[in-house]
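Worksheet: the structure to be examined is printed underneath.
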There are 2 protein chains.
Amino acid sequence: MFDPVCPSDLTPIRFGDKWYGMIVRCLEHGPRRFSELRVPLRGISAKVLTRTLRALERDGMVVRTEHPGPVRQVEYELTPLGRSLLEPIAAACAWAEEHWEELLDAREAAVGPPR
Amino acid sequence: MFDPVCPSDLTPIRFGDKWYGMIVRCLEHGPRRFSELRVPLRGISAKVLTRTLRALERDGMVVRTEHPGPVRQVEYELTPLGRSLLEPIAAACAWAEEHWEELLDAREAAVGPPR
DNA sequence: CTAACCGGTATCCCGGTGGTAACCACGTCA
DNA sequence: TGACGTGGTTACCACCGGGATACCGGTTAG
């Protein structure tokens, strides 16, 4: 259990870095361009976005398509594998929607009172 | 979307640090003692385990009970809130069991070939 | 000509995460 | 009188994730 060489080590519950899962969500409804991704992902830097997209590509989650033409246009799209990630992500989002207030309450209660 | 002050920022898909979710899983089947947790969590250091348990406590996921008696005994147990985390964690684990080989294949294919 | 947009890359720097090791109080056992 | 187990704490350190900033080649708009 939780052996370093065990798949379960991949799961509870971090997929990739801070933005990995968010980018997958942003691609849920079809391909997006580089600069289109920067809008919903407020505050992400170009460097980190590039790095994370490369990681998603390497992991087979996303395909990168450079459309030929006078003006540069690059699109990122989910693969079936990437699309399959939407399911656990949705579960995590559902949890957060339902419970994050409890969590914040607990945190708030934890800082104030004595101990 | 993905506003820093938005709950969705909490979710896709990182809960806490590297061990946060794993510890929750370890507590799934009832309370566990400090040293009992170190067994399944191969390689976790006492420092990190302590720190993560404190975080879980602060977040209302876990309660810490120090049982009085001659020999020191401390137990950690999931709260209902902590127990609710099992659901998205299970979804993530199910995903990993089903797809991690695809992911590893993609990674392997990504390192070798030209680019 | 100049400015702006696209899709990045390069560099610096800071803080957090996580590992190692030493140490600790307390109690038990040989 | 030690050695050992339990449940930690502390100091030190390396790595890396991520933010800020500057820059880049190519293209297009004013």
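By convention in this document, chain letters (A, B, ...) are assigned in the order of the sequence lines, proteins followed by strands, and residues within each chain are numbered from 1.
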Sub-3.5 Å pairs of nitrogen or oxygen atoms, protein against nucleotides 23-30 of chain C:
| unit_1 | atom_1 | unit_2 | atom_2 | d |
| --- | --- | --- | --- | --- |
| C:dG27 | O3' | B:P70 | O | 3.4 |

Once side-chain contact (heavy atoms from CB on, under 4.5 Å) is applied, do any residues pair with B:E77, and if so which ones, sequence neighbours excluded?
B:P31, B:V63

OP1, OP2 of C:dG7 versus side-chain N and O of A:S35: anything below 4.0 Å?
yes

Is it true that A:R38 and A:E36 make a salt bridge, defined as a side-chain N closer than 4.0 Å to a carboxylate O?
no

Mind checking side-chain contact (heavy atoms from CB on, under 4.5 Å) for A:A106 and listing every partner two or more places apart, or none if nothing turns up?
none

Sequence-distant partners of B:R51, side-chain contact (heavy atoms from CB on, under 4.5 Å), two or more places apart:
B:K47

With sequence neighbours left out, write down each residue that passes side chain to side chain donor-acceptor pair (under 3.5 Å) with A:T52, or none if nothing qualifies.
A:D17

Does this structure show an ion pair linking B:E66 with B:R72, if we count only N-O contacts that are shorter than 4.0 Å?
yes

Could you tell me how far apart B:H67 (NE2) and D:dG8 (P) are, to the nearest whole angstrom?
12 Å

Tell me whether the count of non-hydrogen atoms from other residues, nucleotides or ligands lying under 6.0 Å of CD in B:E28 goes above 12.
yes

Write down the distance between NZ (A:K18) and P (D:dC16), rounded to a whole number of angstrom.
19 Å

Show the distances under 3.5 angstrom between N or O atoms of the protein and N or O atoms of nucleotides 20-23 of chain D.
none

Go through the structure and list residues passing side-chain contact (heavy atoms from CB on, under 4.5 Å) with B:H29, not counting sequence neighbours.
B:R32

Whether A:Y76 contacts C:dG8 is assessed here as follows: a side-chain N or O lying under 4.0 Å from the phosphate OP1 or OP2. Is that the case?
yes

Figure out the CD/C1' separation between A:E66 and D:dT27, and round it to whole Å.
14 Å

Touch check for B:Q73, heavy atoms < 4.0 angstrom, all strands: base, sugar-phosphate only, or nothing?
sugar-phosphate

Using whole Å, report how far CH2 of A:W19 lies from C1' of D:dG19.
10 Å

Rounded to whole Å, please give me the gap between CZ in A:R38 and C1' in C:dC6.
11 Å

Once salt bridge (Lys or Arg N to Asp or Glu O under 4.0 Å) is applied, what residue pairs with a partner in residues 81-91 of chain A remain, sequence neighbours excluded?
none

Can you see if the side chain of A:R51 gets near the phosphate of C:dT9 - specifically, an N or O under 4.0 Å from OP1 or OP2?
no

Go through the steps to decide whether B:I44 and B:L37 satisfy the test side-chain contact (heavy atoms from CB on, under 4.5 Å), and finish with yes or no.
CA-CA 9 Å; B:I44 195 174; B:L37 285 172; over 6 Å; no

Given atom CZ of B:R64 and atom P of D:dG7, what is their separation to the nearest angstrom?
10 Å

Give me the atom names and distance for the closest heavy-atom approach of A:V62 to A:L27.
CG2-CD1, 3.6 Å

I need the full list of ring-ring contact (aromatic ring centres under 6.0 Å, His included) pairs touching residues 40-95 of chain A, with sequence neighbours left out, sorted by first then second residue.
A:W95-A:H99, A:W95-B:F15

Closest to the A:F34 side chain, choosing from D:dT9, C:dG19, C:dG8:
C:dG8

End axis versus end axis in the helix from C:dC1-D:dG30 to C:dA30-D:dT1, the angle rounded to 10°, five pairs used at each terminus
10°

For A:L41 and D:dG18, give me the distance from atom CG to atom P, rounded to whole Å.
12 Å

Base of C:dG7, side chain of A:R33 - is there a donor-acceptor contact under 3.5 Å?
no

To the nearest Å, give me how far apart CD1 (B:I44) and P (C:dT17) are.
13 Å

